[in-house]
Amino acid sequence: MKAVYFEAHGGLDVLRYGDVPDPSPAAGEVVIRVEAAGLNHNDIWARQGLPRIAIPLPHISGSDAAGVVVEVGPGVVYPRVGDEVVAYPIQSCRTCSRCLSGEELFCRDMQVWGFQTGPLIGSFAQYARVQAAQCLPKPAHLTWSEAAVTSSAMLTVWRMLVTRTQTKPGEHVLIFGASGGTGTAAIQLTKALGAVAIAVASSERKAELCEALGADHVIRSDLHDVAREARRITQRKGVDVVFDHVGATTWQIGIDALSWGGRLVICGATEGFDAKVDLRHLWNKQLSLLGSHAGTHREWVQAMRLVNERALRPALTEVIGLQDLPDAQHRMATRRTLGKIAVDMVGR
Ligand SMILES: NC(=O)c1ccc[n+]([C@@H]2O[C@H](COP(=O)([O-])OP(=O)(O)OC[C@H]3O[C@@H](n4cnc5c(N)ncnc54)[C@H](OP(=O)(O)O)[C@@H]3O)[C@@H](O)[C@H]2O)c1
Ligand SMILES: [Zn+2]
């Protein structure tokens, strides 16, 4: 089958488009004919390599897929051959006490599919091998490309805004990197929860997308005035929730923007991991600083319910061919993409 893969970590030049062996399913697994795959910033980290995270080589990235089941391994009840499915990216043993109590993120075998898995496992290929439990029916009203970019983003923001910060109707949510894949999903979920979305975007084009997605306020900013603007919007109270995945450059601004008793949730650090906390602010303002990573199967099902009810819809802005992947990763790494990007595997 055709795939985009790499055999060593590095720049865009390590990405190869070519033939790799077809996958076949082990017990509890299925093989999907990938109709469309979704891009995530994580694909870039996998290609570059990260300290203390093992990424098996050769590696096929891609943690989101939509397609048709073509082969089923022993012991699989759902899905069946011919089913149209979307996949979410969490693999775990599905048998330990953590998994059985719905806490598979704390399973010792938990891995993000298409990121930590391999060799040669991910969605940037004509066929992909997944655990059966990674599949749900494809929402009928979405195109293949829309379906393919839904799971990771919606799952991540669901855990951040519902499970971790427990965002309430009427609360103010400050969303950094709001025009990106995770950020656009955060705007939509904030609105679906009845809260007020304050989006931060670094260009006019990005600000327009945030507005189109329903952001109540857009701070069009290079960051220095974000905390002041957030206090102005909230009549000096500060925001109840900060949604962050940018890291080093936004961390302190987010803390400054929080109200007393506010919660900050973070799932990534695109701009770097180095962050300081003034402990006096932490206790005086009684802040909650929360980490969040991916999401559970239950959280994915809950998010997909809102997708099926049309309260959430992925912000698909581009559909590319498999061979265009290096260019798209380059634009994503240099902050020139918007929303979600899908690879149309049928056109290849
Ligand atoms: N732990 C998890 O479960 C999880 C899940 C999803 C994503 N993540 C992490 O969260 C981050 C965002 O992922 P994503 O898929 O939403 O990425 P994305 O689609 O590329 O969006 C990233 C956004 O961040 C902003 N940004 C600020 N500094 C940036 C920089 N130096 N390079 C690129 N963008 C920058 C950009 O908006 P502006 O230009 O407006 O600032 C951009 O829209 C990544 O680090 C990713 O690995 C973690
Ligand atoms: Zn387990």
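Counting starts at 1 for both ligands and their atoms, in listed order.
At a heavy-atom cutoff of 4.0 Å, ligand 1 is contacted by the side chain of Trp45 but not by its backbone. Contact annotation: for Thr182 versus ligand 1, heavy atoms closer than 4.0 Å belong to both the backbone and the side chain. Within the 4.0 Å heavy-atom criterion, both parts of His245, backbone and side chain, lie near ligand 1.
Residue, atom and distance of the protein heavy atom nearest to atom 40 (O) of ligand 1 are Ser202 N, 2.9 Å. Protein heavy atom in closest approach to atom 48 (C) of ligand 1: Cys267 O, 3.1 Å. Atom 36 (C) of ligand 1 has its closest protein heavy atom at Lys206 NZ, 4.0 Å. The protein atom (non-hydrogen) at minimum distance from atom 15 (O) of ligand 1 is His41 N, 3.2 Å. The nearest heavy-atom contact from the protein to atom 25 (C) of ligand 1 is Gly177 CA, 3.9 Å.
Within the listing of ligand 1, atoms 16 (O), 18 (P), 19 (O), 21 (O) sit less than 4.0 angstrom from a heavy atom of Gly181. For ligand 1, the atoms lying closer than 4.0 Å to a non-hydrogen atom of Gly180 are 19 (O), 21 (O), 43 (O). Using a 4.0 Å cut-off to heavy atoms of Ala201, the atoms of ligand 1 that qualify are 40 (O).
Checking Gln134, Glu104, Gln131 one by one against Gln91, the side-chain hydrogen bond (donor to acceptor under 3.5 Å, both in side chains) holds for a single residue, Gln134.
Taking hydrophobic clusters as Ile, Leu, Val, Met, Phe, Trp and Tyr residues chained together by side-chain heavy-atom distances below 4.5 Å, Val241 does not share a cluster with Leu264.
Nearest heavy atoms, Ala195 versus Asp216: O-OD2, 4.1 Å. For Ile90 against Ala294, the heavy-atom pair with the smallest separation is CD1-CB, 3.5 Å.
For the pair Lys276 and Trp251, the cation-pi test (distance below 6.0 Å, angle within 45°) is failed.
No donor-acceptor distance shorter than 3.5 angstrom exists from the side chain of His172 to the backbone of Asp240, with no hydrogens or angles considered. A donor-acceptor pair under 3.5 Å links the side-chain atoms of Arg220 to the main chain of Ser202, judged by distance alone.
Ligand 1 has an N or O atom lying under 3.5 Å from an N or O atom of Ala294, backbone or side chain. For the pair Lys340 and ligand 1, the shortest N or O to N or O distance does not fall below 3.5 Å. For ligand 1, the polar-atom distance check finds an N/O of Thr270 within less than 3.5 Å of one of the ligand's N/O atoms.
In the displayed structure, Asn284 atom CG is contacted under 6.0 Å by more than 12 heavy atoms of other residues, nucleotides or ligands.
For the residue pair Ser203/Arg205, the side-chain donor-acceptor check at 3.5 Å is not satisfied. Defined by atom type and a distance below 3.5 Å, a donor-acceptor pair is missing between the side-chain atoms of Thr163 and Trp158.
Between Cys96 atom SG and Cys99 atom SG, the angle centred on the Zn ion (ligand 2) amounts to 110° (nearest 10°).
For atom 33 (C) of ligand 1, the choice among Arg331, Arg205, Glu271, Arg335 with the nearest heavy atom turns out to be Arg335.
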